[in-house]
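Have a look at the structure below before the remarks.
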Amino acid sequence: MTTMTEASVREFKMPDVGEGLTEAEILKWYVQPGDTVTDGQVVCEVETAKAAVELPIPYDGVVRDLHFPEGTTVDVGTAIISVDVGGGSAAPAPAAEQPAAAQPAAAAPAEEPKAAGSGRQPVLVGYGVATSSTRRRPRKGPEVPVQQASTAIQTELNGHAPTAPEPAPAAAQAPPAGPDRPLAKPPVRKLAKDLGVDLTTVVPTGPDGIITREDVHAAVAAAVPAAPEPSVASAPAAAPASYDTARETRIPVKGVRKATAAAMVGSAFTAPHVTEFVTVDVTRTMKLVEELKADKEFAGLRVNPLLLIAKALLVAIRRNPDVNASWDEAAQEIVVKHYVNLGIAAATPRGLIVPNIKDAHAKTLPQLAESLGELVSTARDGKTSPAAMQGGTVTITNVGVFGVDTGTPILNQGESAILAVGAIKPQPWVHKGKVKPRQVTTLALSFDHRLVDGELGSKVLADVAAILEQPKRLITWA
């Protein structure tokens, strides 16, 4: 066996995967000590304040150490993995001899791919940046990820971690036969980890002995005692319902959700918001959407009302360029942008993000349709990069997908305006002197009153409404 020397060991440091980011949380390791890696191979997935990103290793070699377990937040520039690049080979160290920091990551085999993104999500608004120092989060008990909050209510026993684990029922204690690890897909392993479930104690019901999400939830439910034991000294004979901790779910605030919260608070209490509304007949726009779907220039592209709304906003900005600006507090200047990076707010399993289409003002309608399709698809798959969420100038948020008529959206930090689009639905409308059913929606424009006064904001909103009422203005106003 070739002995590894310190001179042949390279330390791969947490890179700055986005402009100005200072830390990232290690979500998942794809390699273990002893694994061979090649230049460009993805070794882990990390989550910044803006997105989840896969990190490739920049050299060939054999993994020697993983310096941090999954779930640890690490400062940019801190070494996270050691690799022997001297050409030697090394066998994985026994579990008892591995560094303590590497052991929690041993649950993730190198051959398992990154979990696929979630299903289609509606569009919302929010995103931002937060700063903090390196830290290891104390494991006080089972943590419930944001994406699981709507599918299961998790139980915290007596409000704190028990001093000794409760024995699981017999049905949940049957480990799989043989030395192999239990069979489960990466999302199921993450769910089990978040809920504090040992997969070796879970009875699989999936095909070929694969553990499913339902199996993990069943194991959690089976491990909950019928009722908490009251203290002999002070508890009443029957514990009141308020003691039942199964009635609550605690969701850790971190990553994108934490950054979103900080950004929204900062925006709401820094920029003086003004919101204006207009209700508009968009029947002609909806007819144009159907016509464009059949146009060969849009073959293979996704055409929907959001495409024409985005184009209408871009035309309105060209007619009123001062709205496309930002406030420079340090220099006490208004910075007018001569380009439009159009943000489209999207909800993802990790929280709200706002990727933007760079130089959207310069794109033709088919090019804009292609960019919108790529943006939504990338966000849905959880592949949005930090760079795609930087430099936005104005934003659109589509609350209509929830059936909501309108809202008062909060500005993205550093931007001067955000347009909310309500549900498009048939309503009675006076058309050519008669009341007829027409396709109607309500638009809401929030803007920063430090640099956008009422006249300018009203002009922008009125222009968008006029274009959607008479979409031929996309040509006559171009």
Side-chain angles (χ1 to χ4, degrees), residues 12-31 42-57 66-81 101-102 104-105 107-108 112-118 121 124 126-139 142-150 185-195 250-264 345-355 378-390:
F12 178 53
K13 299 179 180 180
M14 178 70 74
D16 180 1
V17 294
E19 182 180 330
L21 297 177
T22 60
E23 64 179 16
E25 178 186 352
I26 298 174
L27 292 180
K28 185 175 183 64
W29 284 109
Y30 294 125
V31 296
V42 173
V43 294
C44 68
E45 180 185 15
V46 301
E47 183 180 31
T48 70
K50 296 183 178 181
V53 181
E54 292 180 331
L55 298 183
I57 200 79
L66 307 180
H67 298 318
F68 298 96
E70 296 172 357
T72 303
T73 299
V74 182
D75 277 341
V76 168
T78 303
I80 60 174
I81 180 174
E112 287 184 357
K114 178 175 182 280
S118 64
Q121 297 287 341
L124 290 172
Y127 136 88
V129 184
T131 59
S132 60
S133 59
T134 301
R135 62 197 180 279
R136 294 195 183 194
R137 294 186 177 89
R139 300 183 179 273
E143 290 184 347
V144 183
V146 173
Q147 58 266 38
Q148 299 300 330
S150 61
K185 294 181 179 179
V188 178
R189 293 189 184 280
K190 185 177 187 306
L191 173 63
K193 176 187 173 184
D194 292 330
L195 301 183
R250 291 183 175 268
I251 301 172
V253 180
K254 58 183 179 179
V256 174
R257 182 171 292 270
K258 181 178 180 181
T260 297
M264 292 300 96
T348 72
R350 290 187 174 93
L352 306 178
I353 63 174
V354 187
T378 302
R380 183 188 307 160
D381 294 339
K383 299 289 187 180
T384 302
S385 67
M389 294 183 285
Q390 296 168 1

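Everything numeric in this text was worked out from a predicted model, so none of it was measured.
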First locate atom CD1 of I80, then atom NZ of K13, and finally report the distance between them rounded to the nearest 0.5 Å. 12.0 Å
Distance col, row Y30:OH vs E45:CD, nearest 0.5 angstrom, shows 4.0 Å
Of all heavy-atom pairs linking E70 and K28, the shortest is OE2-CA, 3.5 Å
Closest heavy-atom contact between A379 and T384? CA-OG1, 3.2 Å
Report the distance from atom CH2 of W29 to atom CG of L55, rounding to the nearest 0.5 Å. 8.0 Å
Among T73, I81, I26, D75, which one satisfies side-chain contact (heavy atoms from CB on, under 4.5 Å) with M14? I26
Quickly, which of V43, V31, V42 forms a side-chain contact (heavy atoms from CB on, under 4.5 Å) with I57? Name it, please. V43
